[in-house]
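Lettering of chains follows the sequences in order, A, B, ..., and the numbering in each one begins at 1. Just so you know, these numbers use all the heavy atoms, side chains as well, and skip hydrogens, waters and symmetry mates.
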Amino acid sequence: MSVLKTENATMRFGGVVAVENLNLQLEKGEIVAIIGPNGAGKTTAFNMITGVYTPTEGKIFVAAKEDEETLIDITGRRPDRITSLGIARTFQNIRLFGQMTVLENVLLASHLRLKSKFFGAVIGWPHYHKEEKQMRIHAMELLERVGLAEFWDEQATSLPYGKQRRLEIARALATEPSILLLDEPAAGMNPKETLELTEFVRNIRDEFQLSILLIEHHMQIVMDISDRIYVLDFGKTIASGTPAEIQANERVIDAYLGVADDD
Amino acid sequence: MNQLENRNAYMGLAGRMSKKRRRNVTLTIVFLMLLGAFIYCASKGFVLGTYEIRILRLCGVYSIAALSMNLVNGFTGQFSLGQAGFMAMGAYVTSLLIIPAAQKAAIYYVHPIVPWLKDVQIPFLFALLIGGLVSALCAFLIGFPVLRLRGDYLAIATLGFSEIIRIILTNAIPVTNGSLGLKNIPNTANLWWTTIVTAVVIIFLLRMMKTSYGRAFKAIRDDDIAAEAMGISLFKHKMIAFVIGGFLAGISGGLLGSVVGAITPNYFRFTLAYEILLIVVLGGMGSITGSVIGACIVTIAKEKLRFLDAGMNLGFVKIPPIDGMRMLVFSLLLMIIILFYRRGLFGSREFSWNGLFRIIRRIGAWFGRLFRRRGHPEGGADA
């Protein structure tokens, strides 16, 4: 049962075809990786799914939260609407809210589930206080989960790089997603953090019942973690399959993985 | 910090009445009482003359205008310069609603006023609110096309709409009396009015920025792409900020009309928007305290520097009287701020009693060190 599906999604920028006929499927509970050389269109694919770009052609479907059998066409919807349908993402170049604290960053992501209206919140209706309280408890639980609870009052951008990545994940989780898109989660992490990341991603998938789509250049992580892999090259999907199949695929080796240099 | 205190802190609750908090509450009450006593004495004419009181009333008016601009520019990060137009709207609506019928006949001597406005006269508070609401409505309508723009484009578009409002006011002669403007506006907005309205606006904004909506505004300012990816509807939140900003600008315009007594469309040219922008940048983008203090500094300085306009004899060179000479000082001030205090006097910080005490302690310690170094190498007063 797929929770996310793209049908011939194509993105053109003028004459350049950034992504061509992407047919991607994400099953419930799966971890799927998109790999490929720089400029292959991986992030563009993410941007199409999350609504930053509207695909030039093709369609994108996501399973409804309440009823996973029905697929909703999200092609061309606004990013915030898509997020409220349960797709959350992190960014390749970390995008935290710099002038806000760690806790505020996570709280912000619960805003889309807030039911109180503007004036109710400013006047301070009891209902708003209740919601704010729940948001704070939930946010602290998430921070606890990613091991950042003790830094809650610090400015988000003052954290070291690896922690900022984890904060981005906590923030994405606060939107209560069913699908999580991770754009190069291991970039800039040290070897120890990289090792922990595999375990961490698996754990949050189980804990929050997520399906995860990730872009990653770190092959060890990709091969360890993914159930399936899509390989893009110049916007075209050149291969897809299990890690073992991908590692054996001639075209992928030519385009991206390369051959071990034994001399 | 023990666990309970930590929990209270991240839950956003003020701890139990700790010693510090009790002190701060006391200080706030004392401050408000002193302020009240001061306004009382001032309005009875004990301490200040009418001229000084008028300046203080203008401080309040400009504070609200600056806060309105700061909400949109400083807190939500949308570079909008439309405040002058919204102020004009508020000023005209409020003034037309409070000028007595007898006065209206005298004001509209060239072209008679439209009949439906002739006999309208309502209490000041309602007139002020209606002025604010009409401005908010203008902001709402203008917001639809312009809030899709960003950065400089938004600034130009809002500036343009502000000029359009002014030109409409100039040409809708049967309603607004055209470029002759309105005069004999009742002088209802005394120091009590301006101070209390300013206080209400400050409390409203402080509360608002603490809510989830306030966080959403700040998130849009910090990174709109990330904010949208986290499910924040950019348009909706920009619109809320823009409409509230329009409302506050309208209120400040309404007060302005009543304080100065006479308004013309020319008062609300784009130079007024720049003046308010100067206040916001001087005080600090994203600081409520900064806007209020910036407004007081600029308003008072503008009056106190009037002698510069009168011409000077520096001994070796004579400067003839030039109108607007004092504005040179503000240009210099702005340059100095941009060179040395890029984030304004307050940055995005706010006033707090704890912060004040910290500064006092630091100055005390500094003096202590100075004293020791100078006179008594051993011992001496320790701060």
> For B/I240, is it the side chain, the backbone, both or neither that has a heavy atom under 4.5 Å from a heavy atom of chain A?
Replying inline: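 Looking at B/I240, just its side chain touches chain A.
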> chain A heavy atoms under 4.5 Å from B/I244: which part of the residue, side chain, backbone, both or neither?
Replying inline: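 Side chain only.
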Of the non-hydrogen atoms in [X] and [Y], which two are nearest, and what is the gap between them?
X: B/G231; Y: A/D80; answer: C-CB, 3.5 Å
X: B/R207; Y: A/G124; answer: NH2-CA, 3.9 Å
X: A/R95; Y: B/I225; answer: NH2-CD1, 3.7 Å
X: A/S116; Y: B/Y213; answer: O-OH, 2.8 Å

Please look at [X] and chain B and tell me whether the side chain, the backbone, both or neither of the residue comes under 4.5 angstrom of a heavy atom of that chain.
X: A/E104; result: both
X: A/R78; result: side chain
X: A/I82; result: neither
X: A/R113; result: neither
X: A/F118; result: both

Within the 4.5 Å heavy-atom criterion, are [X] and [Y] side-chain neighbours or not?
X: A/Y128; Y: B/T211; result: yes
X: A/L107; Y: B/R215; result: yes
X: B/I232; Y: A/L108; result: yes

> Within the side chain of A/T83, is there an N or O that forms a donor-acceptor pair under 3.5 Å with the backbone of B/A229?
Replying inline: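 Yes, A/T83 side chain to B/A229 backbone: donor-acceptor pair under 3.5 Å.
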> When you measure from the side chain of B/D222 to the backbone N and O of A/Q99, does any donor-acceptor pair fall under 3.5 Å?
Replying inline: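 Checked: pair present.
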